[in-house]
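Right, one structure below, let's go through it.
Just so you know, these numbers come straight off a predicted model, no measurement behind them.
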Amino acid sequence: MIRKILQIRNLLMALLVGECGILFGLYLLLNTPILLAFSVYALIKNVIIFLIVVYISYVLENNQLSVEEVLNKDAKNAFIFGGIALIQYDENRNIVWTSDLLKAMNINIVGVKLLEWQPHLASLFDDEDVKVIDIKGKKFEAYINQGTKLIYLKDVTQLMSLQQDYLDQQVCMAYITIDNYEETLENADEPKMALIQSRSRQVIVDWAYSNGIIIRRFKSGGYLAFFNERIYRKQVENKFAILDTFKEMSKELDEVMTLSIGIGKDSRVLRELDEMASAALNLTYSRGGDQVAVKSGEDKKVRFFGGNSDTFEKSSKVRARVIAQSLAGLIKNASQVIVMGHKNSDLDSFGASLGVAKIAMAYGKKTTVIVDFESIEKKTKEVAVLVKADPRYKGMIQSANEAIERVDKNTLLIVVDNHKSSLALSKALLERVKNKVIIDHHRRGEEFIEAPVLTYLEPASSSTVELVIELCDYQNVDLKINELDATIMYAGMLVDTNNFKQRVGVRTFQSAAHLKELQANVPMAYEFIKDSYEETLQRLSIAQTAYQYRPDILIACGQESEEYNSSLLAKSSNALLEISGIKASFSIGRISKTKVAISARSTKDMNVQVIMEALDGGGHFSMAAAQFENKTIEEVRLLLEEKIQEYLDDRGEV
């Protein structure tokens with residue numbers, strides 16, 4: 001305001017001087033008495049006006065100074081009331097002066113080194129950003145002006161408290177289901193059934209009420225729960241202890257039941273919470289249950305808790321029959337069928353591909369099995385070459401590029417032994433083909449092939465071959481599975497079960513018996529998976545480097561200068577796991593010039609899938625793996641030890 005008045009004053013003075021100048025100029029030119037009189041009059045008038053304007057400006061400027069003086073007198077109270085503090089420091093970052101707010105808080109830090117008092121302020125000298133620090137239980141925003149060597153502090157305690165209260169009250173939604181509930185009730189007599197129903201419900205309801213959770217049952221063995229963010233964080237802190245509590249109750253009843261919980265959070269739209277909770281619950285199912293999956297509207301990464309139990313085999317084959325019928329319908333409506341496994345294909349992947357191909361061919365469809373001879377295990381490659389040379393398979397084995405040329409809108413792509421797009425033999429096929437089917441026995445990870453029309457994910461199964469054999473049982477056509485198909489599929493089961501030593505159940509042996517009925521050559525199947533003399537020496541050389549990370553955990557490392565087949569790493573881990581008292585074994589080796597791999601195996605007492613997922617890998621509860629680009633074996637070993645320790649700490653194990 002003062003500046004504008006001064007600008008007007010200067011303009012007015014210029015006009016007054018100009019007026020006098022013009023009149024005196026005219027008088028000098030014309031030399032008339034009247035012009036002289038007007039010039040003298042204008043001069044006197046303008047001098048008076050000039051004096052008046054100067055006086056007014058003087059008064060206004062003095063009035064402005066008096067306002068500043070008043071502010072100076074009350075500056076102390078103003079800064080304290082506004083929660084603002086100032087700190088001045090010298091060239092050596094020693095505090096030389098503080099404002100009254102800090103003195104009012106009894107904080108006497110004059111003469112103290114700034115970073116000794118608040119080490120967190122060090123980063124502000126680099127980027128001059130605003131940082132929140134804690135001073136005597138209060139939160140302050142801090143900003144440094146390095147030019148004036150002043151630190152500005154603003155009390156934001158109340159604001160942050162309100163923000164935290166707001167966040168704490170955000171609604172979370174959860175679906176809770178009891179795994180194996182219906183099967184357990186079917187096999188119980190009436191008194192036992194009533195006891196199972198009452199005990200299981202009581203455990204869940206007691207947990208909910210003691211934690212302030214609103215819970216309602218929406219189906220037999222299924223509950224819907226609502227709670228806030230504060231309650232969620234409390235459950236995270238105790239690692240969702242309800243999982244172990246429920247499992248203990250189940251053991252007391254001599255039953256096999258666990259909980260699966262899917263949680264949706266970080267959204268103010270209830271419909272979105274419902275969708276996230278439902279998707280999270282489906283994730284827990286596909287990973288074997290006994291765990292919590294959390295999907296967030298802000299953080300796209302899914303968090304998992306629990307997963308301490310291996311999947312249990314379900315006695316009912318109803319789902320297999322329904323999937324088989326659905327698959328048959330999709331095949332009938334397809335113009336052609338393409339079957340694809342995963343990168344570094346093993347015999348389970350290749351054997352399952354052949355089995356699915358024979359189902360499709362039985363319905364009269366042109367069928368192609370994709371094989372990438374550049375990305376295939378050595379033993380599987382030998383078998384694939386044998387199959388391609390056999391006249392019975394003429395035109396069936398093709399590359400992805402050959403298959404893409406024939407893709408149309410009615411093509412059906414069946415992906416076996418894999419559900420991750422990054423591990424598919426051809427991403428181009430995944431993107432090109434609209435109708436996709438997934439048949440896999442691995443626990444589901446966060447990454448998943450987009451929009452399949454049918455998914456058969458059964459982590460309780462020993463192998464994908466086992467799933468395919470069950471699907472074959474429910475086809476209403478004559479399948480032309482020959483002895484070579486059956487032998488290769490049998491070899492696939494041998495690989496994934498470690499010669500029927502791991503992850504086997506009744507249905508595993510039923511499937512193996514069915515393959516034997518189909519004339520599977522068992523001795524030939526074992527020949528397919530036998531190691532050569534050189535490979536055996538390599539495997540032994542890896543295993544002999546094993547050391548005890550803990551008394552029940554072994555880690556073995558190959559030579560940095562040597563490249564190994566990934567199957568050798570798996571066999572090394574399998575061999576180490578057979579040692580008495582060992583719960584988990586890990587074998588690390590270089591599988592190419594730029595890639596290092598870990599193969600992990602465990603008993604039912606340890607979940608190596610969780611450990612491998614922490615390293616961006618995956619697999620099963622007891623069989624998992626991970627790969628690393630541009631790292632040394634030693635770097636990978638240290639990373640592995642770190643993740644094992646995190647796993648043990650997370651479960652409270654010493």
Do [X] and [Y] pair up side chain to side chain, a donor and an acceptor below 3.5 Å, judged on atom types alone?
X: Ser399; Y: Asn401; value: no
X: Ser573; Y: Ser587; value: yes
X: Asp179; Y: Thr258; value: yes
X: Ser511; Y: Glu470; value: no

Donor-acceptor check, side chain of [X] to backbone of [Y], threshold 3.5 angstrom: yes or no?
X: Asn333; Y: Gly329; answer: yes
X: Ser326; Y: Val322; answer: yes
X: Glu458; Y: Leu467; answer: no

Greater than 12 external heavy atoms within 6.0 Å of Gln559's CD =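 Atom CD in Gln559 is not packed in, count stays at 12 or less.
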key: Rounded distance [0.5 Å steps], CD in Gln325 versus CG in Leu327   = 11.0 Å
ask   = Taking it one step at a time, do Lys379 and Glu535 satisfy salt bridge (charged side-chain N to carboxylate O under 4.0 Å, His left out)?
value = CA-CA 11 Å; Lys379 291 181 175 56; Glu535 289 171 333; 3.0 Å; yes
ask   = Is the Phe509 to Phe500 ring centre distance short of 6.0 Å?
value =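 Centroid separation for Phe509 and Phe500: below 6.0 Å.
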task = Go through the steps to decide whether Asn498 and Arg601 satisfy the test side chain to side chain contact (heavy atoms under 4.5 Å, CB included), and finish with yes or no.
result = CA-CA 11 Å; Asn498 189 22; Arg601 295 292 184 268; over 6 Å; no
ask   = If you measure from the Lys or Arg side-chain nitrogens to the Asp or Glu carboxylate oxygens, is any gap between Lys593 and Glu563 under 4.0 Å?
value =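 No, no charged N to carboxylate O under 4.0 Å.
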message = Parallel, tilted or perpendicular, judged at 30° and 60°: which one describes the rings of Phe240 and Phe305?
response = tilted
request  = Under the side chain to side chain donor-acceptor pair (under 3.5 Å) rule, collect the residues that match up with Asn435, sequence neighbours excluded.
outcome  =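 Scan of Asn435 (side chain to side chain donor-acceptor pair (under 3.5 Å), adjacent residues dropped) gives none.
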